[in-house]
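Scroll down for the structure; my scribbles are underneath it.
Reckoned from all heavy atoms, side chains included, excluding hydrogens, waters and symmetry mates. Residue numbers start from 1 in every chain, and the chains themselves are labelled A, B, ... in the order their sequence lines are given, proteins ahead of strands. As the structure is a prediction and not an experimental result, all values here were calculated from the model.
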Number of protein chains: 2
Amino acid sequence: MQISSRFTIAIHVFACMEVFGEDYKITSDFLASSINVNPVIIRKILSQLRNAGLIEVARGTGGTTATRPIDEITFYDVYLAVDLLEEGELFHFHENPNPNCPVGKNIHTALDDRLLHIQGAMEQEMKKYTIADVVNDIKKCLTVPK
Amino acid sequence: MQISSRFTIAIHVFACMEVFGEDYKITSDFLASSINVNPVIIRKILSQLRNAGLIEVARGTGGTTATRPIDEITFYDVYLAVDLLEEGELFHFHENPNPNCPVGKNIHTALDDRLLHIQGAMEQEMKKYTIADVVNDIKKCLTVPK
DNA sequence: ACAGATGTAACAATAAAGATTACAATATTT
DNA sequence: AAATATTGTAATCTTTATTGTTACATCTGT
């Protein structure tokens, strides 16, 4: 199973905020049209980003802005904000290994640490990329159209 | 969303083969009882491991054995065998960004490379651990009961 | 008060994982 | 050759999570 598209959608949201923020008000409808999903999905994701302190959403009047420079917002920040993993664990462990079996009783102990290391390697890599990196690439495509 | 329990189940399978292989015939029923899932689930996973060349399954008579020493079977081998990700991609991208929007048109280009690097970091870490590591830890628990 | 937004609940639709039943095919034993 | 135990696999069901949609209360500037 894959990691939910909430993650790529959230990054898309930030990209729109940066590219269009000066010329347009960034509403959930505006975002929904670029991302091509339902505005309510966007609003849920905006809520999560707001709860994580990454953005501010103007209630009533509408519009969204980042709370800090986008070169200080990493993929990891977004990943945490949109709450992709249940219990924060990447791997789904089979729930009820047999406690009367020597292997079943100890499989968790023998695996958990290593699974966390694997998850940790992924999360460390996520910290290396920022929203600014993505926006820079998009802007390159805009200024040098093929 | 989490990665399917097929992965931890498959590792559990190998651990049972190693720990019990000399004293018992490792059938899908035997495994199902230690892992505590349905035998048909086990048989599907065994099929995948067999297709990947990691094990041999004795048809008719029953029983399962690894095709090579377990210190040469990494988590990554198992991960590939049980086919956890659709299209091999860890991240689910929102399907239809608006091609008429400058951001929507280019978001894929700007993101794909970085997502692959993140996935790659996870997969590289998976190559560091073998079934033997897990079995050693389990055996420690057995010989030195608390 | 109005108009345009957001916040959120409720529920439907879709998709994937996992569970279960059933049975044909295979191999060993007697 | 028949009996037995097991694998291989199809079909179906249940459960769970995601995503989509409708509806509406709430908020804010005009």
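The nearest whole Å value for the distance from the CZ atom in B/Phe30 to the P atom in D/dT6 is 12 Å. Rounded to an integer number of Å, the gap from CD of A/Gln2 to P of D/dT16 is 22 Å. If you measure from atom CZ of B/Phe93 to atom C1' of D/dT19, you get 17 Å, rounded to the nearest angstrom. Summarising the geometry, the separation between CG on A/Leu49 and C1' on C/dT6 is reported as 15 Å, rounded to the nearest angstrom. Taking atom CD1 on B/Ile55 and atom C1' on D/dT7, their separation rounds to 11 Å, with Å as the unit. In this structure, B/Lys25 atom NZ and D/dT7 atom P are separated by 7 Å, rounded to whole Å. Between A/His94 atom NE2 and D/dT15 atom C1' there is a gap of 19 Å when expressed in whole angstrom units. Atom pair A/Ile42:CD1 and D/dT19:P shows a separation of 11 Å (rounding to whole Å applied).
Using a 4.0 Å heavy-atom distance criterion, A/Gly62 is classed as a sugar-phosphate-only contact.
When the nucleotides D/dG8, C/dG7, C/dG18 are ranked by their closest atom to the side chain of A/Arg43, C/dG7 comes out on top. Residue B/Val40 places its side chain closer to D/dA10 than to any other of C/dA17, D/dT7, D/dA10. When each of C/dA17, D/dT19, D/dT9 is scored by its nearest atom to the side-chain atoms of B/Ser4, the top-ranked nucleotide is C/dA17. Closest contact between the side chain of A/Ile41 and the listed nucleotides D/dT21, C/dT8, C/dT6 involves D/dT21. Listed nucleotides: C/dA19, C/dT8, D/dG29. Nearest to the side chain of B/Asn38: C/dA19. When distances run from any side-chain atom of A/Arg59 to the nucleotides C/dT6, D/dT19, C/dG18, the shortest one goes to C/dT6. Of the candidate nucleotides D/dG8, C/dA19, C/dT6, C/dT6 has the atom nearest to the side chain of A/Val57.
Proximity of A/Ser28 to the phosphate of C/dT6: a side-chain N or O atom is located under 4.0 Å from OP1 or OP2. Here A/Ser5 reaches the OP1 or OP2 of D/dT19: one of its side-chain N or O atoms lies under 4.0 Å away. Distances shown here put every side-chain N or O of A/Arg50 at or beyond 4.0 Å from the OP1 or OP2 atom of C/dT6.
Sequence order on DNA chain C of the closest nucleotides to B/Asp83 and A/Thr61 puts A/Thr61 first from the 5' end. Map B/Met1 and A/Pro39 each onto its nearest nucleotide of DNA chain D; the residue landing nearer the 5' end is B/Met1. Nearer to the 5' terminus of DNA chain D, by closest-nucleotide assignment, is the contact made by B/Asp29 (compared with the other of B/Asp29 and A/Lys44).
Here the closest non-hydrogen pair linking B/Ser34 and B/His12 is OG-NE2, 2.8 Å. Of all heavy-atom pairs between B/Asp77 and B/Leu54, the closest is O-CD1, 3.9 Å. The two residues B/Ala81 and B/Leu49 make their nearest non-hydrogen contact at CB-CD2, 3.9 Å.
Using cut-offs of 30° and 60° for the angle between ring planes, the A/His117 and B/Tyr129 rings count as tilted. B/Phe20 and B/Phe30 have perpendicular rings, their planes meeting at more than 60° on a 0 to 90° scale where under 30° would count as parallel.
Under 3.5 Å, the side chains of A/His94 and B/Thr8 contain a donor-acceptor pair of N or O atoms.
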